[in-house]
Amino acid sequence: MGTQKREEIMVSREELLHQQEFEKKVSALLKKQYPSRMPMAYVHSYGCQQNISDGEKIKGMLAMMGYGFTDGIDGADLVLYNTCAIRENEEDRVFGNVGALKHYKRRNPNLLIALCGCMMQQEHIVEKLKKSYPYVDLIFGTHVVHKLPENLYHALTDGKRVFCTPESDGVIAEDLPVRRDGSIKAWVPIMYGCNNFCTYCIVPYVRGRERSREPEAILSEIEGLIKQGYKEFTLLGQNVNSYGKGLDEEINFSELLRRVNALPGDFRIRFMTSHPKDASRELIDTIAECEKVCNHFHLPVQSGSDRILDLMNRHYHREDYLALVEYARKKIPDISFTSDIIVGFPTETEEDFQDTLSLIREVEYDSLFTFIYSKRVGTKAAQMEDPTTDEEKGRRFQQLLDVQKEIGQQKYDKYVGQTLRVLVDGVGKSGDGYLTGRTENYVIVDFPGNREDIGKFVDVTITKALNWALLGEAKPVE
Ligand code: SAH
Ligand code: SF4
Ligand code: F3S
């Protein structure tokens with residue numbers, strides 16, 4: 001682990017130029033194939049922000065090759081699904097959607113079907129696709145995203161299916177073109193992969209080892225985005241707290257935050273995800289001291305039972321976690337917390353589950369991402385005995401939702417009467433003429449306003465708390 005040399009991690013200049021040659025070849029090919037119109041691509045990314053960010057690079061490369069983009073499969077010449085393997089239902093959804101492509105292909109034999117992302121790094125999935133989904137033309141894994149031009153060229157010209165899913169500890173490809181989904185908020189990966197091997201989790205198997213981008217590359221990407229008018233940057237990594245390991249320069253995540261914070265401009269910084277075992281007091285001091293870093297901490301706890309945390313290989317205990325939360329609340333009184341919880345990990349008892357409930361009551365999260373444990377082939381937990389029935393897990397899950405609903409409502413009620421700074425990012429769901437955005441605390445706020453304010457910071461006085469959002473009125477400019 002961590003023994004990869006830097007030059008093995010970085011995709012070489014020659015390789016990137018080699019791919020640019022293929023970009024030109026594909027572009028010429030498509031011009032011939034579609035002389036009177038642009039070929040259209042339908043690209044959909046499932047899963048976490050890391051995958052969404054990869055999807056933005058894939059779209060960047062496709063745009064360079066001459067593709068336009070469409071929101072529907074009808075009329076698409078290329079359908080590409082960037083898949084997620086985190087839980088069984090995510091995988092089922094992909095298989096369902098790929099199955100549905102069969103009749104599109106029958107109607108349009110020229111339709112090119114491509115699959116990539118985390119599912120493609122699992123042998124049993126690729127085998128299944130090879131055997132039972134013969135109309136899928138191109139499959140590539142998470143470590144060869146930058147080779148899309150070459151792989152697409154072969155898929156378009158070789159007359160046979162292309163599979164490119166090498167095993168790898170992972171690479172970093174800088175300077176790929178990016179076609180971002182939004183113009184206000186941007187995802188900025190700072191590192192890739194994961195070394196933690198939480199026993200339930202597939203990510204370390206499908207994303208390779210932890211590796212960090214150079215700080216200069218990150219800072220210059222953000223500087224460019226600030227110039228383009230972006231107002232919020234979410235620094236991405238499976239465990240941002242281990243940022244910097246393996247770089248020549250001595251730098252940790254807190255130092256990176258300070259450097260991003262020091263860039264001139266009116267913008268916000270968020271980050272995810274932070275593993276509690278590595279979340280340091282220094283990090284909390286840094287959030288407190290950096291005015292652009294939002295007072296919101298997504299700190300996935302997974303379970304409130306020490307026994308289960310040990311079985312999950314999380315390397316922290318309930319008391320460590322609560323001590324960190326307390327320290328943060330003292331330093332930053334208005335900080336908000338969100339978390340991920342897994343219900344029904346193998347051998348979880350009612351008592352373990354009650355420990356989770358008591359922990360969420362103690363922390364008082366603004367909101368939670370809640371999951372029922374899903375067995376993942378190849379992980380350690382997949383071999384553990386799991387006597388709890390699905391019905392029992394369902395009951396616990398519902399109870400968790402009920403308890404959190406109450407806590408969340410109380411938290412949201414506390415915002416009523418406060419004036420909060422909202423980054424407006426679109427039109428609201430609460431009625432005609434409403435705008436929507438998020439507070440620093442990551443809470444959604446809807447308020448009546450003018451579309452011209454989309455992309456701006458607006459001070460909003462909160463008048464009402466719903467269970468999914470706050471409602472408010474823009475404070476008149478003095
Ligand atoms: N690296 C991040 C999270 C990545 S996955 C972290 O460590 O927090 C996002 C969330 O999915 C996890 O926090 C966990 O709650 C959930 N998850 C991961 N594997 C799962 C599984 N096998 N079953 C159910 N939930 C899972
Ligand atoms: Fe998965 Fe754990 Fe890594 Fe998060 S830290 S990606 S949960 S192995
Ligand atoms: Fe899913 Fe891969 Fe992210 S498994 S959650 S898309 S890293």
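Every number for a ligand or one of its atoms is a count from 1 in the order of the listing.
Under a 4.0 Å criterion applied to the non-hydrogen atoms of Pro204, ligand 2 contributes the atoms 8 (S). Using a 4.0 Å cut-off to heavy atoms of Pro300, the atoms of ligand 1 that qualify are 8 (O). Close approach to His275 involves these atoms of ligand 2, each under 4.0 Å from a residue heavy atom: 5 (S). Distances below 4.0 Å separate heavy atoms of Phe197 from the following atoms of ligand 2: 8 (S).
For Phe371, every heavy-atom contact with ligand 1 shorter than 4.0 Å involves the side chain, none the backbone. Residue Gln238 touches ligand 3 through its side chain alone, judged by heavy-atom distances below 4.0 Å. Contacts of Arg314 with ligand 2, taken as heavy-atom pairs under 4.0 Å, involve the side chain alone. Only the side chain of Arg376 comes within 4.0 Å of ligand 1, judged by heavy-atom distances. Contacts between Pro300 and ligand 2, counted as non-hydrogen atom pairs separated by less than 4.0 Å, are absent for every part of the residue. Under 4.0 Å from ligand 2, the heavy atoms of Tyr200 that appear belong solely to its side chain.
Ranking the protein heavy atoms by distance from atom 1 (Fe) of ligand 2 puts Cys201 SG, 2.3 Å first. Ranking the protein heavy atoms by distance from atom 5 (S) of ligand 2 puts Asn196 ND2, 3.5 Å first. Looking from atom 6 (S) of ligand 2 to the surrounding protein, the closest heavy atom is Gln238 OE1, 3.5 Å. Counting protein heavy atoms only, atom 8 (S) of ligand 2 is closest to Cys198 N, 3.4 Å. Residue, atom and distance of the protein heavy atom nearest to atom 3 (C) of ligand 1 are Gln238 OE1, 4.0 Å.
A distance-only check finds a donor-acceptor pair linking the side chain of Glu440 to the backbone of Asn295 [under 3.5 Å]. The main-chain N or O of Glu210 is found under 3.5 Å from a side-chain atom of Asn195 such that the two form a donor-acceptor pair. Under the 3.5 Å distance criterion, the side-chain polar atoms of Asp54 are left unmatched by any main-chain donor or acceptor of Gly117. In this structure, Thr142 contributes its side chain and Val206 its backbone to a donor-acceptor pair below 3.5 Å. Side-chain atoms of Arg179 never come within 3.5 Å of backbone atoms of Pro177 as a donor-acceptor pair (strictly under, hydrogens ignored).
For ligand 1, none of its N or O atoms has an N or O atom of Tyr373 under 3.5 Å away. Checked against a 3.5 angstrom limit, the closest N/O atoms of Gln302 and ligand 1 fall inside it.
At a 4.0 Å cut-off, not a single heavy atom of Asn239 sits close enough to ligand 1 to count as contact. Assignment of Glu88 to the shell around ligand 1 is not supported, since no heavy atom sits closer than 4.0 Å. For Ile372, the heavy-atom gap to ligand 1 drops under 4.0 angstrom. Using a 4.0 Å heavy-atom cutoff, Ile342 is listed among the residues neighbouring ligand 1.
Taking only non-hydrogen atoms, the option from Arg314, Gln50, Arg87 nearest to atom 25 (N) of ligand 1 is Arg87. Residue nearest to atom 6 (C) of ligand 1, selected from Thr273, Val343, Ile341: Thr273 (by heavy-atom distance). The residue among Ser374, Gly344, Ser274 with a heavy atom at the shortest distance from atom 21 (C) of ligand 1 is Ser374.
For the pair Val343/Gln302, no side-chain contact is recorded, criterion being any heavy-atom separation below 4.5 Å from C-beta on. Proximity of Val11 to Ile172: side-chain heavy atoms (C-beta onward) are nowhere separated by under 4.5 Å.
Here the rule is ring pair (Phe, Tyr, Trp, His ring centres under 6.0 Å) with His298, and of Phe369, Phe271, Phe337 only Phe369 fits it. Of the residues Asn239, Asn241, Asn196, the one that meets the side-chain hydrogen bond (donor to acceptor under 3.5 Å, both in side chains) test with Asp278 is Asn239.
Counting heavy-atom neighbours within 6.0 Å of Asp402 CG, excluding the residue itself, gives a total above 12. No more than 12 heavy-atom neighbours from other residues, nucleotides or ligands sit within 6.0 angstrom of NZ on Lys380. Atom CD of Glu406 sits in a sparse spot, with 12 or fewer heavy atoms from other residues, nucleotides or ligands closer than 6.0 Å.
Under the salt bridge (charged side-chain N to carboxylate O under 4.0 Å, His left out) criterion, the residue pairs touching residues 308-325 are Arg318-Glu362, with sequence neighbours excluded.
Atom 3 (Fe) of ligand 2 has Cys194 among its coordinating residues (N/O/S atom, backbone or side chain, under 2.8 Å).
Across every non-hydrogen atom of Leu247 and Ile251, the tightest pair is CD1-CG2, 3.9 Å. Nearest approach of Val98 to Tyr81, heavy atoms of both residues: CG2-CD1, 3.9 Å.
With salt bridges taken as basic N to acidic carboxylate O contacts below 4.0 Å, one links Lys331 and Asp285.
Taking a cut-off of 2.8 Å, the protein N, O or S atoms nearer than that to atom 3 (Fe) of ligand 3 are Cys48 SG.
Rounding to the nearest 0.5 Å gives a distance of 8.5 Å between CZ of Phe233 and CD1 of Ile269.
Remark: Lys130 is positioned above the aromatic ring of Phe163, its terminal NZ or CZ atom under 6.0 angstrom from the ring centre and at most 45 degrees off the axis.
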